[in-house]
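Beneath this line is the structure, given in structure tokens, with notes to follow.
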Amino acid sequence: MAVPRMDSFKTVLKFFTDQKTTIGYSVMAILTIGSERIFSMVSFQCPCTKGQNFPYGICFLLGPAVVLLVVGFFVSTRFWRLYTGCCLNPLKLCPRGNFVGCLKGLIKVLYGACVAPVMWLTVALLNGTFYECAVSGLDEVAVIQIFCADKGSVCQDELHRVPCGKSTLPPEQNTELLYMLRAQSQILGWSVIITAVVIALIGTCYKNCVSQVSYLQLTFWKIYMEKEREKFDAFANDYATKLADRNLKSFFDNKLPEEFPFPNHKAWEEISAIYNFRKSEQHYSTLQRYVERSDRDYSPDEHPMVEMDHGIEMV
């Protein structure tokens with residue numbers, strides 16, 4: 001009976017592995033909804049004054065989105081591949097003058113970084129709390145005409161108090177204004193969702209339409225890149241451990257270190273570049289392109305590179 005149980009476990013594990021992107025986005029959505037509810041219930045207290053409602057509400061609406069965007073850039077491997085070293089070598093962003101490939105890379109980085117901010121905006125707008133506070137504090141003619149038409153000057157003077165329920169307006173008018181503010185916020189929320197979905201659909205259709213490889217080869221490519229990243233982490237961890245052991249052994253034994261095969265600086269630069277597919281080559285990554293080159297440089301660096309606070313030094 002142990003074999004079927006093991007097979008069932010492998011099946012479940014394979015399902016979660018295959019769907020890890022979907023699961024990741026689902027977890028991100030749940031965390032976004034939970035964070036928004038915590039902000040709304042615990043931290044957010046609309047001041048209900050004309051001069052403070054808008055900046056206060058807009059900070060809670062857009063502030064977390066900006067933070068999530070920055071975090072998205074920080075955790076993007078593709079972004080750091082593009083950015084690292086580009087101040088010393090600007091051509092690294094667009095090697096061989098391939099501006100189209102460079103633009104595609106930047107769009108992919110932006111696309112990945114925008115997922116969490118868009119989730120936050122949609123959840124916050126659908127809830128409506130932040131938008132109600134922000135818009136009710138605007139003293140613009142267009143806002144007054146939309147919300148206070150045929151309601152007199154009292155509505156204009158008391159609109160900023162509506163989100164707190166402290167206005168001197170009749171209860172039915174206060175409720176009506178609150179519903180109008182919430183309806184506008186939810187319309188904007190659904191507009192963001194529809195826009196994001198349409199852009200994602202058009203982008204995906206365009207990318208597949210101009211793809212130089214078939215669907216199955218593209219699927220194989222994605223699987224290969226995922227496996228290469230996994231194996232790279234494992235190999236890097238193994239070699240880093242061996243190098244650390246070798247250096248410590250040399251230090252404590254007080255003798256010259258053993259020879260240690262290690263890629264040179266140029267090799268690291270080449271495999272760290274963003275890969276752009278070429279139909280003339282049967283390569284799936286910069287690593288594969290490098291290892292299959294006939295003119296590979298196997299000579300190691302004479303000295304390791306050490307990055308100090310004041311720059312990069314050779315030691």
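Please read all numbers here as calculations on a predicted model, not as lab measurements.
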Item to complete: Tell me, yes or no, whether the heavy-atom count around K108 atom NZ, taken from other residues, nucleotides or ligands under 6.0 Å, exceeds 12.
Response: no
Fill in: Audit row: Y290, T286, side-chain contact (heavy atoms from CB on, under 4.5 Å) steps and yes/no
CA-CA 6 Å; Y290 176 78; T286 51; over 6 Å; no
Item to complete: Give the minimum heavy-atom separation between V115 and Y111, together with the two atoms involved.
Response: CG2-O, 3.5 Å
Worksheet entry | Nearest non-hydrogen partners of S250 and K255, listed with the distance | OG-O, 2.5 Å
Worksheet item: Any chain of hydrophobic side-chain contacts (each under 4.5 Å) joining I271 to F235?
Response: yes
Worksheet item: Is a side-chain donor or acceptor of S76 paired with a backbone partner of G72 at a separation under 3.5 angstrom?
Response: no
Fill in: ILVMFWY cluster, L138 and L181 together (side-chain gap under 4.5 Å)
yes
Practice prompt. Find out whether R182 and Y131 are in side-chain contact, i.e. whether some heavy atom of one side chain is under 4.5 Å from a heavy atom of the other.
Written response: no
Worksheet item: Would F54 and I146 show up in the same hydrophobic cluster when neighbours are defined by side-chain heavy atoms closer than 4.5 Å?
Response: yes
Discussion item. Could you report the tightest heavy-atom contact between N53 and H160, atom names first, then the distance?
Written reply: ND2-O, 3.1 Å
Discussion item. Measuring only between side-chain heavy atoms, which start at C-beta, is L216 closer than 4.5 Å to F220?
Written reply: no
Worksheet entry | Check: Y284/Q217 side-chain N/O donor and acceptor closer than 3.5 Å | yes
Worksheet item: Is there side-chain contact between S285 and M225, with heavy atoms separated by less than 4.5 Å?
Response: yes
Worksheet item: For the atom pair CD1 (I194) and CG (L201), what is the distance rounded to the nearest 0.5 Å?
Response: 13.0 Å
Discussion item. Under 4.5 Å between side-chain heavy atoms, counting indirect links through other Ile/Leu/Val/Met/Phe/Trp/Tyr residues: same cluster for V71 and L69 or not?
Written reply: no
Worksheet item: Under 30°, 30 to 60°, or over 60°: which ring-plane class applies to F60 and F130, parallel, tilted or perpendicular?
Response: tilted
Worksheet item: Should I199 and L110 be counted in the same cluster of Ile, Leu, Val, Met, Phe, Trp and Tyr side chains packed under 4.5 Å apart?
Response: no
Worksheet item: Counting distance only, does the side-chain N/O of N208 pair as donor-acceptor with the main-chain N or O of T204 below 3.5 Å?
Response: yes
Practice prompt. Quick one: pull up CG in D238 and CG in D233 and give me the separation to the nearest 0.5 Å.
Written response: 12.5 Å
Worksheet item: Between V162 and L178, what is the shortest heavy-atom contact and its length?
Response: CG1-N, 3.9 Å
Discussion item. What I want to find out is whether E270 reaches R289 closely enough, with some N-O distance under 4.0 Å, to be called a salt bridge.
Written reply: no
Worksheet entry | Distance in Å, L188 CG paired with L126 CG, rounded so as to fall on 0.5 Å steps | 10.0 Å
Worksheet item: Got L218 and Y215 here, is their nearest side-chain heavy-atom distance under 4.5 Å?
Response: no
Discussion item. Using 0.5 Å steps for rounding, measure from the SG atom of C114 to the CG atom of L68.
Written reply: 11.0 Å
Practice prompt. Taking the side chain as every heavy atom from C-beta outward, state whether Q184 and F147 have any atom pair closer than 4.5 Å.
Written response: yes
Worksheet item: Salt bridge between R161 and E158, side-chain N to carboxylate O under 4.0 Å?
Response: yes
Worksheet item: Can you tell me how far CG of N264 sits from CH2 of W268, rounded to the nearest 0.5 angstrom?
Response: 10.5 Å
Practice prompt. In sequence, state the C-alpha distance, the side-chain angles, and the governing distance for L62 and L121, and then conclude on side-chain contact (heavy atoms from CB on, under 4.5 Å).
Written response: CA-CA 7 Å; L62 299 181; L121 284 176; 3.7 Å; yes
Worksheet item: What is the minimum heavy-atom distance between P163 and S136, and which atoms define it?
Response: CG-OG, 3.3 Å
Practice prompt. Decide yes or no for E226 and K222: does some side-chain heavy atom of the first lie under 4.5 Å from some side-chain heavy atom of the second?
Written response: no
Worksheet item: Of N247, D245, D253, which meets side-chain hydrogen bond (donor to acceptor under 3.5 Å, both in side chains) against K249?
Response: D253
Worksheet item: Between F79 and F74, is any pair of side-chain heavy atoms under 4.5 Å apart?
Response: no
Fill in: K242 NZ/CZ over Y239 ring centroid, <6.0 Å and within 45° of normal
yes
Worksheet item: Between the side chain of T122 and the main-chain N/O of M119, is any donor-acceptor distance below 3.5 Å?
Response: yes
Discussion item. If you apply the rule side-chain contact (heavy atoms from CB on, under 4.5 Å), what do you find for C155 with L177, and how did you get there?
Written reply: CA-CA 9 Å; C155 172; L177 290 171; 3.9 Å; yes
Worksheet item: Would you say the SG of C133 sits under 2.5 Å from the SG of C48?
Response: no
Worksheet item: Which atom pair, heavy atoms only, marks the closest approach of A134 to I58?
Response: CB-N, 3.9 Å
Worksheet item: Out of curiosity, I202 CD1 to C209 SG, how far, rounded to the nearest 0.5 Å?
Response: 12.5 Å
Worksheet item: Quick one: does L61's side chain get under 4.5 Å of L125's, heavy atoms only?
Response: yes
Worksheet item: Just by distance, do the side chain of Y56 and the backbone of Q45 share a donor-acceptor pair under 3.5 Å?
Response: yes
Worksheet item: Within a reach of under 6.0 Å around CD of E172, are more than 12 heavy atoms found that belong to other residues, nucleotides or ligands?
Response: yes
